[in-house]
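All heavy atoms count here, side chains included; hydrogens, waters and symmetry mates do not. FYI, the numbering just counts along the sequence from 1.
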Amino acid sequence: GVPIQLAHDIVLLLRFTSASPQPGNDLKGLEGHSAYMQDLRARVEQVARSDHDVLVLGETGTGKELVAEAIHQGSARSGAPLITVNMAAIPPSLAAAELFGAVKGAYTGATGDKEGYFRSAQSGCLFLDEVGDTPAEIQPQLLRAIQQREVQVVGGATEHPDIRVISATDAAVEDSDSGFKAALRHRLGALEVHLAALREHPEDIGTLAIFFFSQALAKEGREGLIPDVETDAREVAAWARLFYDFLCYHWPGNIRQLRNV
């Protein structure tokens, strides 16, 4: 991966790739023209056509939530809701009510009925973000609910929601010392999508950067700042230097970091 700047206005990245990128599918939010991104979009479309549960794995900032949204939008359940829950943020004492719902008066402070995430996702998809950080006390409840598609409403009846579960994590759930139950990990991953770090497909950095610039400038009403053939040569050179610097950086925070920068 060697970045080269030519004549102050052309930035190239010389790099061996496993395959030549082919024109292909266009999925909202999954930007990039590398062979990796072409393969990823094809994989997401393939997974979306199934109704099996999906586990999305990858480092922080690699776009796991975008992939989950793309899977939902490409599925037969796209007309129903995609409900997102951060599993790391659920306190164990309230997990059953938050996940499965509760009836009024079932516990102290239950001043009304609570639907719960599983029932809210009826006919749609439930996205369990940061599932690898699920507290150990919650994992058995979660495994039973996913495996049996059965939830016990706190203070109420047992229900069987019709949902598809999409999970995502950057945690090392395979490690024996991770504290994550192997049975739950295998149940979540009927299908798996593995996301590469941005440093593994740096040829997408330029495409992603101009995409994020365009989004940000459109919000500001300043689209004219992006250079074109009429732009002054010094300004073009400044932009080229910026993109060159982007290619030279290793992006430990991946696509999220690039967007924020």
Side-chain angles (χ1 to χ4, degrees), residues 1 3-5 9-49 54-75 78 82 84 125 127 129 166 168-170 191-228 231 236 239-261:
I4 299 176
Q5 187 173 355
D9 59 2
I10 297 172
V11 180
L12 302 177
L13 178 69
L14 303 186
R15 184 170 185 265
F16 286 111
T17 61
S18 58
S20 299
Q22 299 295 324
N25 30 24
D26 181 26
L27 293 177
K28 183 180 179 183
L30 300 182
E31 303 291 328
H33 297 94
S34 65
Y36 160 74
M37 285 305 303
Q38 297 289 353
D39 290 343
L40 176 61
R41 285 191 286 265
R43 175 64 173 158
V44 166
E45 286 194 329
Q46 180 188 45
V47 167
R49 288 194 294 268
V54 187
L55 178 60
V56 185
L57 299 164
E59 293 182 11
T60 183
T62 49
K64 294 184 290 295
E65 186 169 356
L66 281 175
V67 167
E69 291 172 358
I71 291 171
H72 174 69
Q73 290 302 324
S75 74
S78 59
L82 171 66
T84 299
C125 295
F127 177 45
D129 198 11
I166 305 173
T169 184
D170 58 7
L191 297 173
E192 295 184 6
V193 178
H194 294 257
L195 303 187
L198 183 56
R199 62 184 173 274
E200 295 176 27
H201 55 113
E203 59 268 45
D204 288 320
I205 289 174
T207 302
L208 289 165
I210 201 66
F211 175 73
F212 294 139
F213 275 128
S214 298
Q215 276 190 327
L217 293 173
K219 288 181 182 178
E220 299 277 346
R222 305 174 73 190
E223 295 91 336
L225 288 179
I226 295 177
D228 57 27
T231 304
V236 170
W239 276 87
R241 180 65 199 195
L242 179 63
F243 275 73
Y244 176 81
D245 289 342
F246 280 175
L247 284 176
C248 291
Y249 188 58
H250 60 289
W251 301 106
N254 295 296
I255 298 171
R256 181 186 293 122
Q257 184 186 13
L258 173 61
R259 182 186 64 205
N260 291 339
V261 166

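Closest approach of Ala48 and Ile71 over heavy atoms only: CB-O, 3.5 Å. Contact detail for Ala70 and Leu30: the closest heavy-atom pair is CB-CD1, 4.1 Å. Here the closest heavy-atom approach between residue His72 and residue Cys125 is recorded as ND1-SG, 3.2 Å. Minimum interatomic distance between Phe243 and Gly206 (heavy atoms only, all atoms of both residues): CE2-O, 3.6 Å. Pairing each heavy atom of Ser214 with each of Ile210, the nearest pair is OG-O, 2.7 Å. The two residues Phe127 and Lys64 make their nearest non-hydrogen contact at CZ-O, 4.4 Å.
With rounding to the nearest 0.5 angstrom, the CE atom of Met37 is 9.5 Å from the OG1 atom of Thr207. The distance from atom CZ of Arg256 to atom CG of Leu66, rounded to the nearest 0.5 Å, is 9.5 Å. Residue Thr84 holds its OG1 atom at 9.0 Å from CD1 of Ile166, rounded to the nearest 0.5 Å. Atoms CD1 and CG, from Ile4 and Leu14 in turn, are 4.0 Å apart once rounded to the nearest 0.5 Å. Separation of atoms CD1 (Ile226) and OG1 (Thr231) is listed at 10.0 Å; rounding is to 0.5 Å. Asp39 CG to His201 NE2: the interatomic distance, rounded to the nearest 0.5 Å, is 11.5 Å.
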Open item on the list: Determine whether Arg241 and Gln5 satisfy the following criterion, side chain to side chain contact (heavy atoms under 4.5 Å, CB included), listing intermediate values before the conclusion.
Closed with: CA-CA 8 Å; Arg241 180 65 199 195; Gln5 187 173 355; 3.9 Å; yes
TODO: Could you check Phe212 against Ile255 for side chain to side chain contact (heavy atoms under 4.5 Å, CB included), going step by step and ending with a plain yes or no?
DONE: CA-CA 10 Å; Phe212 294 139; Ile255 298 171; 3.7 Å; yes
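A donor-acceptor pair is defined here as one N or O able to donate and one able to accept, closer than 3.5 Å; no such pair exists between the side chain of Asp204 and the backbone of Leu198. No side-chain donor-acceptor contact under 3.5 Å links Tyr36 to the backbone of Glu200. Using a distance-only test at 3.5 Å, with no hydrogens or angles considered, no donor-acceptor pair links the side chain of Arg43 to the main chain of Val193. For the pair Asp170 (side chain) and Leu57 (backbone), a donor-acceptor distance under 3.5 Å is absent. Looking at Trp251, its side chain does come within 3.5 Å of a backbone N or O of Phe246 through a donor-acceptor pair. Put simply, the side chain of Arg259 never gets that close to the backbone of Leu208: no donor and acceptor are under 3.5 Å apart. Distance alone, capped at 3.5 Å, places no donor-acceptor pair between the Asp9 side chain and the Val236 backbone.
A heavy-atom distance below 4.5 Å is found between the side chains of Val261 and Gln257. Counting heavy atoms from C-beta outward, Ile10 and Tyr244 have side chains that stay 4.5 Å or more apart. Using a 4.5 Å heavy-atom threshold, the side chains of Leu225 and Phe213 count as separate.
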